[in-house]
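Reading through the structure tokens given below for one structure.
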Amino acid sequence: MGGGKNIERERYSFSKLSSYENCPYGWLERYVNHKPSQNNCFAEFGTYCHSIFEAYANGKYDLSSLADIYEFGYADAITCKWPNNKFVDLESSYYEAGKKFFEEWEGYDESYHILGVEEEFTIPITDFDMTGFLDLVYERNGKLIIRDYKSKSEIKKSEQQHYARQLYIYSAYVKEKYGRYPDQIEFFCFRKNHVLEIPFCKEDYDEAIQWAIDIVAKIRNEWEFNKSPSQFFCLNLCNIRGECPYGKYWRWKK
């Protein structure tokens, strides 16, 4: 036996699959045609705060220093322009909310047994792989819990299934590493210091895995890659908004 070549398995992440759901055309341009990718202020803010959470959970920063660290590095971390909003100054609102949170947050006490921080993983699902980063894995009061930090002020009931899919897919890795599924998945919407706790449900886990399988199948069978334009998304969130004709159209309309 010999002469065969190892075929590299396709690799996806939750954000990559969600990107296809948001806009197949944008997915094509970013992941297939490799158009230059742009960041956005919301993502920069989230990434910056994630880095502070990570360092704190790893014992690099003391809880009392987090507010000062947040203020010190903020201007260098968030460089994208904030969109205009007629109701609120988004730049000031996000900055002040982050500052207030890190000034008041009580952190993780001795009841939190932290098992993993920003764990990168790759797990097989049928004939493709899923990759991701687990923000926090911990045990508390006998429960195994996975936590994801969100800069959103809240996760609405209508959004819950979509966001929960991410941590349900990540639960496959938890099962592989720790020998059991988590007892709870949760989202820490830190700007409002609110934790959304969701008891683990095997049916919802199965649905999330099937969702990933179905989206990969759609991508493989896609030919048209239609656009799904939305003014706010195209102008402020899309990673290829500088290259996409719809992003250019909305800028022209302004």
Side-chain angles (χ1 to χ4, degrees), residues 13-15 18-19 22 26 30 36-109 112 114 117-118 132-136 138 146-160 162-163 166-167 186-197 230-242 247 250-251 254:
S13 64
F14 179 79
S15 61
S18 296
S19 175
N22 285 334
R30 181 180 181 188
S37 180
Q38 289 181 261
N39 212 342
N40 65 74
C41 54
F42 302 102
E44 287 183 332
F45 178 84
T47 299
Y48 179 53
C49 293
H50 268 71
S51 70
I52 297 175
F53 283 121
E54 179 184 2
Y56 165 71
N58 280 324
K60 182 178 178 181
Y61 297 152
D62 292 329
L63 181 65
S64 61
S65 68
L66 298 188
D68 290 338
I69 290 166
Y70 170 82
E71 288 190 83
F72 180 78
Y74 186 90
D76 290 331
I78 289 77
T79 60
C80 291
K81 183 179 179 182
W82 291 84
N84 294 324
N85 185 301
K86 62 182 179 181
F87 302 108
V88 64
D89 180 340
L90 288 174
E91 182 172 13
S92 175
S93 174
Y94 270 71
Y95 172 77
E96 292 298 334
K99 180 181 176 183
K100 183 175 186 292
F101 168 78
F102 284 115
E103 287 174 343
E104 299 178 355
W105 187 42
E106 295 180 355
Y108 300 132
D109 60 30
Y112 288 80
I114 295 176
V117 179
E118 282 294 319
F133 287 88
L134 262 171
D135 290 347
L136 192 73
Y138 69 97
I146 57 177
R147 168 174 285 193
D148 193 65
Y149 302 116
K150 293 296 183 191
S151 59
K152 290 170 64 69
S153 59
E154 64 174 338
I155 295 177
K156 298 176 182 176
K157 195 170 184 65
S158 60
E159 302 173 314
Q160 184 170 310
H162 169 75
Y163 283 100
Q166 179 181 10
L167 292 191
E186 59 185 32
F187 295 95
F188 188 9
C189 300
F190 56 86
R191 277 198 301 129
K192 296 294 185 179
N193 199 4
H194 171 70
V195 179
L196 172 62
E197 300 175 344
S230 154
Q231 183 176 6
F232 185 83
F233 179 82
C234 290
L235 282 174
N236 302 293
L237 302 179
C238 179
N239 293 102
I240 58 146
R241 60 189 180 274
W250 286 119
R251 286 196 298 277
K254 289 177 66 179

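Being a predicted model, the structure only gives us computed values, none of them experimental.
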Checklist entry - Looking at the rings of His194 and Phe101, which for Trp means the six-membered one, are their centres under 6.0 Å apart? => result no

Checklist entry - In terms of the angle between their ring planes, are Tyr112 and Tyr108 parallel, tilted or perpendicular, with boundaries placed at 30° and 60°? => result tilted

Next on the checklist: For Ser18, give me all partners under side-chain hydrogen bond (donor to acceptor under 3.5 Å, both in side chains), at least two apart in sequence or on another chain.
Outcome noted: none

Checklist entry - About how many Å separate OG of Ser15 and CZ of Phe133, when rounded to the nearest 0.5 Å? => result 10.5 Å

Next on the checklist: Which residues pass the salt bridge (charged side-chain N to carboxylate O under 4.0 Å, His left out) test with Arg191, not counting sequence neighbours?
Outcome noted: none

Checklist entry - How far apart are the closest heavy atoms of Val117 and Ala57, and which atoms are they? => result CG2-CB, 3.7 Å

Checklist entry - Atom CG of Leu237 and atom CG of Asn39: how far apart are they, to the nearest 0.5 Å? => result 10.5 Å

Next on the checklist: Once salt bridge (charged side-chain N to carboxylate O under 4.0 Å, His left out) is applied, what residue pairs with a partner in residues 58-69 remain, sequence neighbours excluded?
Outcome noted: none

Item to check | Sequence-distant partners of Arg30, side-chain contact (heavy atoms from CB on, under 4.5 Å), two or more places apart | outcome: Ser37, Asn239, Ile240

For residues 46-53, please give each side-chain donor-acceptor pair under 3.5 Å, one per line with the distance, not counting sequence neighbours.
from: Thr47; atom 1: OG1; to: Ala43; atom 2: O; distance (Å): 2.9
from: Tyr48; atom 1: OH; to: Ile69; atom 2: O; distance (Å): 2.9
from: Tyr48; atom 1: OH; to: Tyr70; atom 2: O; distance (Å): 2.8
from: Tyr48; atom 1: OH; to: Gly73; atom 2: N; distance (Å): 3.3
from: Tyr48; atom 1: OH; to: Tyr74; atom 2: N; distance (Å): 3.3
from: His50; atom 1: ND1; to: Gly46; atom 2: O; distance (Å): 2.7
from: His50; atom 1: NE2; to: Asp135; atom 2: OD2; distance (Å): 3.0
from: His50; atom 1: NE2; to: Tyr149; atom 2: O; distance (Å): 3.3
from: Ser51; atom 1: OG; to: Tyr48; atom 2: O; distance (Å): 2.5

Item to check | Residue pair Arg241 / Gln38, side-chain heavy-atom distance below 4.5 Å | outcome: yes

Checklist entry - Which heavy atom in Lys81 sits nearest to a heavy atom in Cys41, and how many Å separate them? => result O-SG, 3.8 Å

Checklist outcome for this item: Separation between OH (Tyr95) and CZ (Phe45), nearest 0.5 Å, reads 10.5 Å

Next on the checklist: Just to verify, what does Phe42 make a ring pair (Phe, Tyr, Trp, His ring centres under 6.0 Å) with, not counting sequence neighbours?
Outcome noted: Trp82, Tyr94

Checklist outcome for this item: Residues passing the salt bridge (charged side-chain N to carboxylate O under 4.0 Å, His left out) test with Lys100, sequence neighbours excluded, are Glu104

Next on the checklist: Please enumerate all residues that pass side-chain contact (heavy atoms from CB on, under 4.5 Å) together with Glu186, with sequence neighbours excluded.
Outcome noted: Tyr138, Ile145, Arg147, Gln184, Val195, Glu197

Checklist outcome for this item: salt bridge (charged side-chain N to carboxylate O under 4.0 Å, His left out) filter on Glu91, not counting sequence neighbours, yields none

Next on the checklist: Using the side-chain contact (heavy atoms from CB on, under 4.5 Å) criterion, which residues pair with Lys150? Sequence neighbours excluded.
Outcome noted: Asp148, Ile155, Tyr163, Gln166, Phe187, Cys189

Item to check | Check: Cys80 main-chain N/O paired with Glu44 side-chain donor or acceptor under 3.5 Å | outcome: yes

Next on the checklist: I'd like to check the salt bridge (charged side-chain N to carboxylate O under 4.0 Å, His left out) partners of Lys99; sequence neighbours left out, ordered by chain and number.
Outcome noted: Glu71

Checklist entry - Do Leu136 and Ile146 touch side chain to side chain, with heavy atoms closer than 4.5 Å? => result no

Checklist entry - Under a 4.5 Å cut-off applied to non-hydrogen side-chain atoms, are Tyr56 and Trp105 in contact? => result yes

Item to check | Set of side-chain contact (heavy atoms from CB on, under 4.5 Å) partners for Lys157, sequence neighbours left out | outcome: none

